[in-house]
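Reviewing the structure listed below.
Please read these numbers as outputs of a predicted model, since none were measured by experiment. Within every chain, numbering begins at 1; the chains are lettered A, B, ... in the order of the sequence lines, protein sequences first and strands thereafter.
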There are 2 protein chains.
Amino acid sequence: MEILDRKYRILQAIIDDYILTALPVGSRTISRKYEQKLSSATIRNEMSDLEDLGYLDSPHTSAGRIPSNKAYRLYVDQMLQPIPLSLEDVAYIRSCFDQRSRQIEQISTRLARALSGVTHYTAAVMTRMPREEQIFSHMQLVPVADRRVILILVTESGAVTQMPVELDAAIDPDVLYTVSKFLSQRLAGCAMSRLHQALLEIAEGEPEEMSKLLKTLAAQDDDNMDTGSLVVGGRSNLLSFPEYSDVEKARNLLSVLETKDKLVSLLNTHGEMEITVRIGPETGMEELKDCSVVTASYRMRDGRVNTIGLIGPTRMQYGRVLSVLNQVGRSIYELFDSQDDEQK
Amino acid sequence: MEILDRKYRILQAIIDDYILTALPVGSRTISRKYEQKLSSATIRNEMSDLEDLGYLDSPHTSAGRIPSNKAYRLYVDQMLQPIPLSLEDVAYIRSCFDQRSRQIEQISTRLARALSGVTHYTAAVMTRMPREEQIFSHMQLVPVADRRVILILVTESGAVTQMPVELDAAIDPDVLYTVSKFLSQRLAGCAMSRLHQALLEIAEGEPEEMSKLLKTLAAQDDDNMDTGSLVVGGRSNLLSFPEYSDVEKARNLLSVLETKDKLVSLLNTHGEMEITVRIGPETGMEELKDCSVVTASYRMRDGRVNTIGLIGPTRMQYGRVLSVLNQVGRSIYELFDSQDDEQK
DNA sequence: TGTTAGCACTCAGGTCAAACGAGTGCTAAC
DNA sequence: GTTAGCACTCGTTTGACCTGAGTGCTAACA
C-alpha cells in the first residue's frame, strides 16, 4: 500500500512537472525536485512500472517520460488540488458581470476575453435559450415598413426574442396593437415549443384576414427563433504553447475554432450543469486529439443557459482552470443576488 | 522608351512570380518563364537597375530578388489586370445575399466565410449604421417586465434598433402604446443624432410623470445605440502562408485580429466608398508591416454601411481580390434591385 | 526485499566542415 | 545593346562527430 502511495506521488510529480515545462520528465528531475529521499534509480524503477500500467509514455528511449491521457484522467479525477486565484483574477472575472451591460452579446464577449486572459487558453462562450422550457408571456408586433413588421416575443422569465416578419398585406398599426394584445392573452402560459401549433389552432376560428396573419406568424417563428450566441476569445493564446509550434497543427486547431458546428457540438455536453473535463480523444474530435476541453454550464436567471469552454493542450493547468470556472459560477450567482436586491 | 517598357514588364513578371511562389525570383526564372527573347544576363542588368530604383530588394547576394512595397504600390496602381472569377466563385458570393436571411449578423458571417473561402485570406466584415445620416421614422415601447421595456427605433430607411430600458416605475401597456404613438408623431423626420435633444425638448412641456419617462428614454439611447457588428472569418487561412510559418509572427498577427479596436480602425477608411489597398506600413500598424489590407465599403439600402477588409501577406493576389470585391458590390446591387421588384 | 550505485547503451540535438547550387556582378566579345 | 562566360557569394544540405540527458540492467547493500 505504501508503494502504491509512492507510485501515486511520483506520477503526480511527473504530471505537475510536465504541465509546467512541456518537457519529458526524467527520473533525476523527480528525485531532485520532488522526492529527495529516493534516488533516481528507484524512481526509474517506479517509472518503468507506471509505463507498464499505461500511465506514462516515452517519446523515445533516451528522453524522459510524458503522462498518457490515462494519467491525465486520473490526475483530473483524483489528484486535483484546488488552486486559489489571485485577487486580481477574481476581480477581473467579477468585472465581466458588471451591472451596466445587460446585453448578452457583450457579457459573452467580455467573459471570453477575461477567461482567455486569466487562463491563457482559448475560451468559447455559448449562450442559448432552451426553448422547450420557456413559457410565453406576451408578444408585440411593431410596424417597420408597409408590409414589414417586427415580432417581439417575451417569455415569463423575461427573455426577449425579436424577428422580422414579412406580411402579405399592409396592416394598420392600431390593428397590429389590438392583435398583439389579443394574442398575448390567448397565448399566455403556452410553452414556447408549442407556440407554432397554438397559433395555427387560434387561426382556425378566425376570419380570413386574421387567419392569414396568424399563419404567417406561425410560419416565421420556427427558423429565426434560434437566438444563441457564440463568442470565442484568445485564439492567439494557443500559438504560444510549444505543442503548436508546428504551424500545420495550429492551423488545424484554429480551423476547428472557426467551424461553428464543431464548436457547438464541443460545448453541448448534454445539459449537465456541472463542469466536464474531456481529455484528448475524449473530445471525440480528431483535430483535438492532443487538446483538452473543459466545459461548464450555468443557468442564468432569465432561463438562458451559458456554456463556457476552455480549450488548451492536454497538459492543461486543470486545477487553475477549475478554480476559474468555479469563480465564474460564483460571480453569476452574486449577480443574481444583486438583481434581487434591486427588485425589492 | 522601349527599355522603360521592358523594365516595366520584367518588374511585373517578378511580382507575378513572387506572388505565386513566395520565393525570391532569379534572373534565369524570368528569362525562361516570362521573357524568353532575353537572356538571363540582360534580365540581370535590368533587375540591378530596378533594385537601384527601389522596386526590388535582395535578401542576400545569392538569392533572387523580391518586390519592395514600392513595387507592390506600382503594381496595384498601374499593372493590375482584372482577373475573371470562376462561375463557382460568383455563385458562392451571390449566395451570401440570399433573400431568406435578412438578419445582418447572419449575412456578415456568411459573407466573411465566403470571402475567406474564395480568396484564402482573412476576411473582416463590419456593419455600422452612420447615425448622423439616419432619419427617425417611428418608435415603440414594448413591455417586458414590470419596470423593464424595450425601446424600438425605426428609421425612414427601414433600419431597426432595439434596446432595453429600465423604468423608474411600472407603466400600463396601453399607456406605453399611446406614448409610443405620440412620440412617433412628434419626432417624425427628426435626425437620429438629434433624437436625444428632441426628447428632452418635448419633456419640457409635459406633466411630471411623462417628463420623467422621456428623460429616462433620452438618457438611455446614447450608449446602446451603437449597433455595429464585426465578424472575422478565415483566420486559419493566414497560417498556411510561408510568411507566417514563424509562429511568433503568426501569433502577433492573430492577436491583432482579436483586438476589436485595431480591427475597427483598420476598416475605418474614412467614409470613402471605393476600394482601398494598403500595403505593409501603409496600414499604419507595426504588426501588419508585412501584410496588405484591402478594404471596400458598400452602402446598403437601409442606410447601413458595410465595410469589408481582406487581410493577407503583402504578396497578395491583388487582381483576384479586387475582382472578388467588385463581385460583392455587384451582388449587393442585385439584391437591391430584386427587393425593388418585390415591392412593386 | 526494497533500495541504490554503477555502467553500458540509446538517441535527439548541436556543431562543424565540406559540398552544393542558385544566384549575382563583371568583363569581354558579338 | 545583348549575351556568353566566369569568378564569386552565400544560404542550404549533408554527414560525421560529440555531447548529454536519459534509460535498463545488474550487482551490491541495508
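As a whole-Å value, the separation of B:L56 CG from C:dG25 P is 11 Å. If you take CD of A:E46 and C1' of D:dG24, they are 15 Å apart, rounded to a whole angstrom. Atom-to-atom, CZ of B:R6 to C1' of D:dG1 comes out at 8 Å; the value is rounded to the nearest Å. Summarising the geometry, the separation between CD1 on A:I66 and C1' on D:dG22 is reported as 14 Å, rounded to the nearest angstrom. At whole-Å resolution of the value, CG in A:L50 and P in D:dG24 are 12 Å apart. C:dA5 atom P lies 11 Å from atom CG of A:L38, rounded to whole Å. Regarding B:N45, its CG atom lies at a distance of 9 Å from the C1' atom of C:dC26, rounded to whole Å. In this structure, A:D49 atom CG and C:dT3 atom C1' are separated by 14 Å, rounded to whole Å.
Salt bridge annotation for A:D17-A:K33: present, with a cationic side-chain nitrogen under 4.0 angstrom from a carboxylate oxygen. Ion pair B:K262/B:E287 flagged as a salt bridge, since at least one NZ, NE, NH1 or NH2 atom sits closer than 4.0 Å to an Asp/Glu carboxylate oxygen.
In the model, A:D16 has a side-chain atom that pairs as donor or acceptor with a side-chain atom of A:Y75 under 3.5 Å.
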* Structure fact -> Protein-proximity profile, nucleotides 10-24 of chain C, B/S/- by nucleotide at the 4.0 Å heavy-atom cutoff, equals BBS---------BSB
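Residues B:Q78 and B:Y8 have side chains in contact (heavy-atom distance under 4.5 Å, counting atoms from C-beta outward).
In this structure, B:L239 and A:R251 approach most closely via the heavy-atom pair CB-CG, 3.6 Å.
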* Structure fact -> Dot-bracket for DNA chain C, 5' to 3', Watson-Crick and G-U pairs with both distances under 3.5 Å, [ ] for crossing pairs, | for partner on another strand, reads ||||||||||||||||||||||||||||||
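Taking CD of B:E35 as the reference point, atom CD1 of B:I10 lies at 5.5 Å (rounded to 0.5 Å).
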Can you give the donor-acceptor pairs under 3.5 Å from side chains of residues 318-329 of chain A to other protein atoms, not counting sequence neighbours?
{"from": "A:Y318", "atom 1": "OH", "to": "A:S292", "atom 2": "OG", "distance (Å)": "2.7"}
{"from": "A:Y318", "atom 1": "OH", "to": "A:T314", "atom 2": "O", "distance (Å)": "2.5"}
{"from": "A:R320", "atom 1": "NH1", "to": "A:D89", "atom 2": "OD2", "distance (Å)": "3.4"}
{"from": "A:R320", "atom 1": "NH2", "to": "A:D89", "atom 2": "OD2", "distance (Å)": "3.1"}
{"from": "A:R320", "atom 1": "NH2", "to": "A:V118", "atom 2": "O", "distance (Å)": "2.8"}
{"from": "A:S323", "atom 1": "OG", "to": "A:I83", "atom 2": "N", "distance (Å)": "3.4"}
{"from": "A:S323", "atom 1": "OG", "to": "A:I83", "atom 2": "O", "distance (Å)": "2.8"}
{"from": "A:S323", "atom 1": "OG", "to": "A:G319", "atom 2": "O", "distance (Å)": "3.1"}
{"from": "A:N326", "atom 1": "ND2", "to": "A:L322", "atom 2": "O", "distance (Å)": "3.3"}
{"from": "A:Q327", "atom 1": "OE1", "to": "A:R330", "atom 2": "NH1", "distance (Å)": "2.8"}
{"from": "A:Q327", "atom 1": "NE2", "to": "A:S331", "atom 2": "OG", "distance (Å)": "3.2"}

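A cation-pi arrangement is absent between A:K249 and A:Y244 under the rule of less than 6.0 angstrom and at most 45 degrees off the ring axis.
Around CZ of A:R73, the count of heavy atoms belonging to other residues, nucleotides or ligands within 6.0 Å exceeds 12.
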